[in-house]
Amino acid sequence: MVAIEGIFFNYPVSYLSCFQSSFLVSLSLNQFLSFYWPRSQLPISHIRSLMADLRFSFAETFLCSAFAACFAEFCTIPLDTAKVRLQLQKKAVGDEVNFPKYSGLLGTLATIAREERLSALWKGIVAGLHRQCIYGGLRIGLYEPVKTLLVGADYVGDIPLYQKIIAALLTGAIAITVANPTDLVKVRLQAERKLPAGIARRYYGTLDAYRTIVREEGLAALWTGLGPNIARNAIVNAAELASYDQVKQTILKIPGFSDNILTHLLAGLGAGFFAVCIGSPIDVVKSRMMGDTAYKNTLDCFSRTLKNEGFLAFYKGFVPNFSRLASWNVVMFLTLEQAKKAFRGEIYYD
C-alpha cells in the first residue's frame with residue numbers, strides 16, 4: 001500500500017500532468033483509487049494535492065465554458081428578447097402621441113407571443129449560440145490564465161479583488177472583439193417585429209443576416225457598436241466573473257458552507273445583480289446602435305437618448321435585464337461547475 005501511494009503521490013508533476021488532457025484517464029484513476037482504497041480509508045489530503053496538479057488547460061476550460069454559456073443562453077433568451085424590445089422602444093417626442101407597445105417584462109413577453117407566436121421569443125437563438133460559444137468560451141477560458149499572468153505563477157494566497165477586476169475587464173474586451181458580429185446579428189434578429197402581409201422581411205435567418213449586412217453595409221458593419229459593446233461586455237464581465245469569484249470566496253469562509261450547488265447559486269445571483277446595476281446604461285446604448293442605424297456613433301446615441309428621453313432611459317428594460325442576467329448567471333455558473341466536475345471526473349469524496 002505504501003508502495004502504491006509512493007508511485008502516485010510522489011511521482012514528478014510532469015508525469016502527472018499527462019492525466020490532465022484525458023477525461024477517460026481521470027475516470028480510470030478514480031476507479032483505481034476506489035478499488036485499492038475504500039472511501040473510509042482514502043487519503044483525502046493526498047488526493048486533493050494531486051487534484052491541484054491536474055489543472056484545467058485553456059482548451060478544457062473553453063469547452064466547459066462554451067457549453068455552459070450556450071445552455072444558459074437557450075434557457076434565458078426570451079428574457080433577452082423582451083429586454084431588447086423595451087430598450088429599442090423610444091419615447092414620444094413633441095406633440096406626437098405614441099402609446100408604448102411594450103410595458104413591463106411579462107407584458108412584453110405576452111405581446112410578442114400573442115402577435116408573433118411563442119417561437120418569436122427565441123428569435124436570434126442561433127446567433128446567440130454562436131456568440132456564447134465564442135464569447136462565453138473565451139472570456140471564461142482566458143480569465144484564469146490572465147489572473148495568473150497578472151499576479152505571477154508563484155503567487156500564494158487569495159488574489160486581490162482589483163486584480164480579478166482587471167483580468168475580467170481584459171478578457172471581456174478581447175472576447176467581444178472577436179464575437180461582435182454574432183452579437184450584432186442576434187440583436188438585429190431580435191429587433192425584427194411581425195410585418196404586414198406583402199412586406200418582405202429584412203433577414204431570412206442567421207446566415208442570411210450575415211450575408212445581407214456584409215452585402216448592403218460592408219464587412220466593417222459587422223463590428224457596428226463595437227465601442228459600447230467592448231465597454232459593456234468588459235464591465236459586465238468584470239462584474240460577473242470578479243463578483244462571482246469574490247462572493248464565492250467569501251461564502252466559503254463562512255462556517256457550514258462548502259463548494260456546492262447552494263454556494264454556486266448564491267454567487268451566481270450576486271454576479272447577476274452587480275452586472276445589471278453597472279452595465280445597464282451601456283447595454284441600452286449598445287442595443288440601440290445595433291438595432292437602429294440612425295445613430296452616427298456612440299456619443300451621438302448617448303446624447304440623443306439623454307436629451308430626448310432623460311437619464312432613466314438608460315435603465316429601460318432594467319427588470320427584464322436583471323431577470324435575464326441573474327437567471328443567466330445562475331444557470332451558467334451552476335452548469336459550468338458541474339461540467340468541470342464531469343469533465344475531469346471527481347476523484348475525491350467529501
Side-chain angles (χ1 to χ4, degrees), residues 66 69-90 100-102 108-137 175-230 232-233 282-298 300-301 305 316-317 320-321 324 328:
C70 285
F71 182 70
E73 183 75 9
F74 181 82
C75 292
T76 62
I77 198 170
L79 298 173
D80 192 50
T81 300
K83 177 207 74 173
V84 169
R85 294 290 182 90
L86 285 167
Q87 288 178 336
L88 293 176
Q89 186 168 253
K90 298 178 181 178
K101 183 176 183 178
Y102 304 114
T108 302
L109 291 170
T111 300
I112 295 172
R114 182 177 64 252
E115 295 184 354
E116 307 172 44
R117 295 189 302 180
L118 189 64
S119 60
L121 292 171
W122 274 266
K123 270 188 176 181
I125 183 59
V126 176
L129 294 178
H130 290 172
R131 177 186 186 274
Q132 291 303 338
C133 188
I134 298 171
Y135 174 68
I176 200 58
T177 300
V178 178
N180 196 83
T182 63
D183 208 10
L184 175 74
V185 169
K186 174 190 166 188
V187 171
R188 292 277 182 97
L189 291 172
Q190 287 178 317
E192 282 200 322
R193 296 168 173 79
K194 185 177 181 181
L195 298 172
I199 299 180
R201 294 170 58 187
R202 190 177 183 186
Y203 307 117
Y204 291 89
T206 304
L207 294 179
D208 180 65
Y210 286 117
R211 288 193 294 265
T212 302
I213 292 170
V214 172
R215 184 177 65 250
E216 295 181 356
E217 304 173 46
L219 183 63
L222 290 173
W223 277 268
T224 298
L226 179 61
N229 214 12
I230 286 178
R232 183 257 180 193
N233 284 280
I282 302 171
D283 191 43
V284 170
V285 173
K286 183 266 298 185
S287 292
R288 291 197 170 191
M289 285 193 67
M290 288 184 167
D292 190 341
T293 57
Y295 300 108
K296 298 176 183 177
N297 50 47
T298 305
D300 179 55
C301 180
T305 301
K316 273 191 172 183
N321 200 10
R324 149 78 167 172
W328 192 95

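Note that the structure is a prediction, hence the values are computed from the model and not measured.
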Under 3.5 Å donor-acceptor pairs involving side-chain atoms of residues 220-228, not counting sequence neighbours:
{"from": "Trp223", "atom 1": "NE1", "to": "Thr177", "atom 2": "O", "distance (Å)": "2.9"}
{"from": "Thr224", "atom 1": "OG1", "to": "Ala221", "atom 2": "O", "distance (Å)": "2.6"}

Q. Going from CG on Asn180 to CG on Asn233, what distance comes out if it is rounded to the nearest 0.5 angstrom?
A. 8.5 Å
Q.
With a 6.0 Å cut-off (strictly less than), is the heavy-atom count around CZ of Arg215, excluding the residue itself, greater than 12?
A. yes
Q) What closest approach, in Å, do Gln190 and Lys123 show between heavy atoms, and which atom pair accounts for it? A) CG-O, 3.3 Å
Q) How far apart are the closest heavy atoms of Phe74 and Trp122, and which atoms are they? A) O-NE1, 3.1 Å
Q: Determine the minimum heavy-atom distance between Arg85 and Tyr102, stating which atoms define it.
A: NH1-OH, 2.8 Å
Q: Starting at CG of Leu189, measure out to CD1 of Ile125 and round the result to the nearest 0.5 Å.
A: 11.0 Å
**Q.** Value rounded to 0.5 Å, distance of CG in Asp80 from CG in Leu121
**A.** 11.5 Å
**Q.** Considering all heavy atoms, the nearest Gly136-Ala69 contact
**A.** CA-CB, 4.1 Å
**Q.** Distance-minimising heavy-atom pair for Arg188 and Tyr203
**A.** NH1-OH, 2.7 Å
Q | Polar contact flag, side-chain donor to acceptor under 3.5 angstrom, Asp183-Tyr135 | A | no
Q | Rounded distance (nearest 0.5 Å) linking atom OG1 of Thr81 with atom CG of Leu86 | A | 11.0 Å
Q) What's the spacing between Glu115 CD and Lys101 NZ if we round to 0.5 Å? A) 4.0 Å
Q: Compare every heavy atom of Ala82 with every heavy atom of Ile112, then report the nearest pair and how far apart it is.
A: CD1-CA, 4.5 Å
(Q) Is it true that, when you exclude Phe71 itself, more than 12 heavy atoms of the residues, nucleotides or ligands shown sit nearer than 6.0 Å to its CZ? (A) no
Q. Are Glu73 and Lys186 within salt-bridge range, i.e. N to O under 4.0 Å?
A. yes
Q) Hey, mind stepping through Tyr204 and Thr212 against side-chain contact (heavy atoms from CB on, under 4.5 Å) and telling me if it holds? A) CA-CA 10 Å; Tyr204 291 89; Thr212 302; over 6 Å; no
Q. Which distance, rounded to the nearest 0.5 Å, do you find between the CG of Leu219 and the OH of Tyr210?
A. 12.5 Å
